[in-house]
Amino acid sequence: MDFRLTDVQLQVEEMVRSLSRKEFAPRAAQVDDEGRYPAENHRRLAELGLLGMLFPASFGGAEAGPVSYAIALREVAGGCASTGVGMAVTNMTGEAIFRFGTDAQRRRYLPMLSAGNGAGAFALTEPGAGSDAGGLSTSAREEGDGYVLDGSKAFITNGANACVTIVMAVTRKSPRTISAFLVEPGIPGFSIGKSEHKMGIRGSDTVSLSFEECRVPKSSMLGAPGEGLKIALSALDGGRIGIASQAIGIARSALSTATEYARDRRQFGQAIGEFQAIQWKLADAATELDAGQMLVFRAAFLKEKNLPYSKEASMAKLFATEAGNRVCHTALQVLGGYGYVREYPVERHLRDIRVTTIYEGTSEIQRLVISRALCG
Ligand SMILES: Cc1cc2nc3c(=O)[nH]c(=O)nc-3n(C[C@H](O)[C@H](O)[C@H](O)COP(=O)(O)OP(=O)(O)OC[C@H]3O[C@@H](n4cnc5c(N)ncnc54)[C@H](O)[C@@H]3O)c2cc1C
């Protein structure tokens, strides 16, 4: 066993950390305040090859592997969580198209995604179907040489800025069959709702989508008929490593601010970092984050070696996002009143990290996945 990162992984870490600290972090408060999608950050990610990290160079990707990807996402999220989630969903979309798409679909969409000519989006959730992904009601009826989509999707990240959206829809009621479709913006019958007003990751683009008699060609189906749920669940397995990394990145930034503050802030004639109560908070937070990071690396390593990793990805997401939330709470407490106001970034980190225990499967759903793997 070797806990050291490879030279290439270290280079990715250094490059992305520097990008995120110099360019993303300084704009993050403004992006949050204005609830503005940071298109300029998306372009920078593309320039550095960070939007196609999980597919090969022959399709414009960087094929950096899941471990490097986890590191890159952690660093981006540490600077700007909104940019991090946009990057995560674009990479997840590209990887799914690479794994399940035809050659024509790969050639059409993957170079666009990696060049940043639009983001990637993944539309599973509906107003009436969240955790219960199989309970979708959006339908795709076969008609002539295509399918006709009807229904709506909720909370879709990158939905308004996507060049392609993977849409899961019911293609047969009995036996119930779900298929996946690649949908481009601007086609008749496809419309994008208003942006959600969110607590955190306020610069990320989260919209509803609706389909009314929306006709797509048969060639837009991703994978075979009936493979939609399999594609969605397999994309989510990989996506969960990403969300766990996002949480570690956000919480590390919060802890770093809290540690610096504890050194500088003086009360009762000494630095607050000299009180054991504060020291223990920081020690517990650092230990929890390292434990989360280990789980993330284990899941990413298994994925990189093409070994089963679904349970491990859920464990990483469950632990890293719950621990990350605790760490952000702790960090805010260390800053006292200054943690609660916008002078410091910690209140934003706390708002940004909150959603990580919810999207791509809530903590309760991760426990279901883990316990099913244990009990069979
Ligand atoms: C900012 C944001 C971005 C998102 N981006 C996307 C996206 O890009 N694409 C997409 O498809 N979706 C996206 N989502 C949706 C997200 O994945 C869902 O919100 C999530 O899966 C939970 O579904 P729900 O909100 O309908 O909650 P529900 O499923 O209604 O759950 C409500 C509560 O009940 C619990 N619960 C439900 N079932 C069980 C059970 N069997 N056992 C125990 N507890 C249970 C849940 O854990 C939760 O606490 C996004 C959501 C947000 C907030």
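When a ligand or atom number is given, it counts from 1 through the structure's own listing order. Along the sequence shown, residues are numbered consecutively beginning with 1.
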Step-by-step salt bridge (Lys or Arg N to Asp or Glu O under 4.0 Å) determination, R215 to E143
CA-CA 9 Å; R215 178 174 288 280; E143 206 178 88; 2.6 Å; yes
For a salt bridge (Lys or Arg N to Asp or Glu O under 4.0 Å) check, start with the C-alpha distance between R326 and D284, then their side-chain angles and the critical distance, and finish with the verdict.
CA-CA 10 Å; R326 287 192 291 275; D284 285 350; over 6 Å; no
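Ionic pairing of K218 and E142 is present here: one or more N-O contacts between side-chain nitrogen and carboxylate oxygen are shorter than 4.0 angstrom. A salt bridge is defined here as a Lys NZ or Arg NE, NH1 or NH2 lying under 4.0 Å from an Asp or Glu carboxylate O, and E360 with K317 fails to meet this definition. The pair E47-R44 meets the salt-bridge criterion, with a side-chain N (NZ, NE, NH1 or NH2) lying under 4.0 Å from an Asp/Glu carboxylate O. In summary, K198 and E196 do not engage in a salt bridge, as defined by a charged side-chain N under 4.0 Å from a carboxylate O.
Polar contact check, L124 against ligand 1: a nitrogen or oxygen pair lies under 3.5 Å apart. Here's the thing with Y359: none of its N/O atoms is less than 3.5 angstrom from an N/O atom of ligand 1. The N/O atoms of S131, backbone and side chain alike, include one that comes under 3.5 Å of an N/O atom in ligand 1. Inclusion of I201 in the set of residues having an N or O under 3.5 Å from an N or O of ligand 1 is not warranted. When only interatomic distances are considered, the shortest N/O to N/O separation between T206 and ligand 1 does not fall below 3.5 Å. On a distance-only criterion, F122 and ligand 1 share at least one N/O pair closer than 3.5 Å.
Note on I166 and L110: same hydrophobic cluster, where clusters join Ile, Leu, Val, Met, Phe, Trp and Tyr whose side-chain heavy atoms are under 4.5 Å apart, directly or indirectly. The same ILVMFWY cluster, assembled from side-chain heavy atoms under 4.5 Å apart, contains both I272 and L335.
Protein heavy atoms are found inside the 4.0 Å sphere centred on atom 49 (O) of ligand 1. Atom 4 (C) of ligand 1 is approached by the protein to below 4.0 angstrom, counting heavy atoms only. Distance check for atom 46 (C) of ligand 1: a protein heavy atom is found below 4.0 Å. For atom 35 (C) of ligand 1, the nearest protein heavy atom is 4.0 Å or more away.
Not a single heavy atom of V89 lies less than 4.0 angstrom from ligand 1.
By heavy-atom distance, the residue among T165, L209, T125, V85 lying nearest atom 18 (C) of ligand 1 is T125.
The protein non-hydrogen atom at the shortest distance from atom 24 (P) of ligand 1 is G130 CA, 4.0 Å. Scanning the protein for heavy atoms near atom 7 (C) of ligand 1, the closest one is F155 O, 3.3 Å. Of all protein heavy atoms, the one lying nearest to atom 39 (C) of ligand 1 is I365 CD1, 4.1 Å. Scanning all protein heavy atoms for the shortest distance to atom 20 (C) of ligand 1 gives I358 O, 3.6 Å. Nearest non-hydrogen protein atom to atom 8 (O) of ligand 1 is T157 N, 3.0 Å. The nearest heavy-atom contact from the protein to atom 43 (C) of ligand 1 is E364 CB, 3.9 Å.
Below 30°, between 30° and 60°, or above 60°: for F211 and F190 the angle between ring planes is below 30°, a parallel geometry.
Heavy-atom proximity to K198, at under 4.0 Å, picks out these atoms of ligand 1: 1 (C). Every atom of ligand 1 is numbered from 1 in the order shown, and the set under 4.0 Å from a heavy atom of T362 is 22 (C), 46 (C), 47 (O). Taking every non-hydrogen atom of L368 and a distance limit under 4.0 Å, the qualifying atoms of ligand 1 come out as 41 (N). Annotation for ligand 1: atoms under 4.0 Å from non-hydrogen atoms of E360 are 17 (O). Against a heavy-atom cut-off of under 4.0 Å, V355 is close to the following atoms of ligand 1: 1 (C), 53 (C).
Counting heavy atoms from C-beta outward, S131 and E364 have side chains that stay 4.5 Å or more apart. The side-chain heavy atoms of R106 and F98, taken from C-beta on, include a pair separated by under 4.5 Å. You'll find the side chain of C80 stays beyond 4.5 Å of the side chain of R27, heavy atoms only.
Within the model, atoms OG1 of T157 and OH of Y359 stand 6.5 Å from one another, a figure rounded to the nearest 0.5 Å.
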Using atom types as modelled, flag every donor-acceptor pair under 3.5 Å from a side chain in residues 257-270 to any protein atom, sequence neighbours excluded.
residue	atom	partner	partner atom	Å
T257	OG1	S253	O	3.2
T259	OG1	L255	O	2.6
R266	NH2	G269	O	2.9

